[in-house]
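Notes to accompany the following structure.
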Amino acid sequence: YIESERPVVNTASPYESDRQLCDAFRFHFDEPPMGASYHAALAAAAAEALGRLGVDVATARAMELGCGPGRSVLELAKRGVAVAHGADRTAKAFQCTAQRVLTEG
């Protein structure tokens with residue numbers, strides 16, 4: 001959490017107002033027609049790399065910068081990463097992921 005004296009300007013996110021951008025955003029959550037999603041594959045590769053390094057996933061910590069909605073962070077958490085954080089300038093994008101976590105656990 002960061003506090004600042006700078007004024008906060010709340011403008012509509014382009015994801016809320018641009019239909020094409022909104023449809024492209026679905027890439028993060030729609031199931032792909034073939035194979036695993038990019039985010040699931042990335043999390044699996046990270047978990048495998050941790051294993052090769054001798055790091056137990058259950059004790060690992062992850063930080064993804066510029067994570068958008070945090071889909072890769074969500075996938076890492078599903079694989080049992082002890083602590084997974086995401087950071088992005090567009091905090092509104094996290095709302096989609098937060099709703100998923102609340103409904104899917």
Check the pair Arg71 / Ser37 against side-chain contact (heavy atoms from CB on, under 4.5 Å), numbers first and verdict last. CA-CA 10 Å; Arg71 179 62 197 269; Ser37 74; 3.9 Å; yes

With a 3.5 Å cut-off and sequence neighbours excluded, list the donor-acceptor pairs that the side chains of residues 47-56 form with protein atoms.
residue, atom, partner, partner atom, Å
Glu48, OE2, Arg52, NH1, 2.8
Asp56, OD1, Ala58, N, 3.2

Do you reckon Leu76 sits in the same ILVMFWY cluster as Leu42, going by side-chain contacts under 4.5 Å, direct or chained?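 Looking at the clustering, Leu42 is in a separate group from Leu76.
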
Working to the nearest 0.5 angstrom, can you tell me the gap between Glu75 CD and His39 NE2?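 Between atom CD of Glu75 and atom NE2 of His39 there are 8.0 Å.
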
Distance-minimising heavy-atom pair for Ala40 and Arg79: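 Ala40 and Arg79 have their closest heavy atoms at O-NH2, 3.3 Å.
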
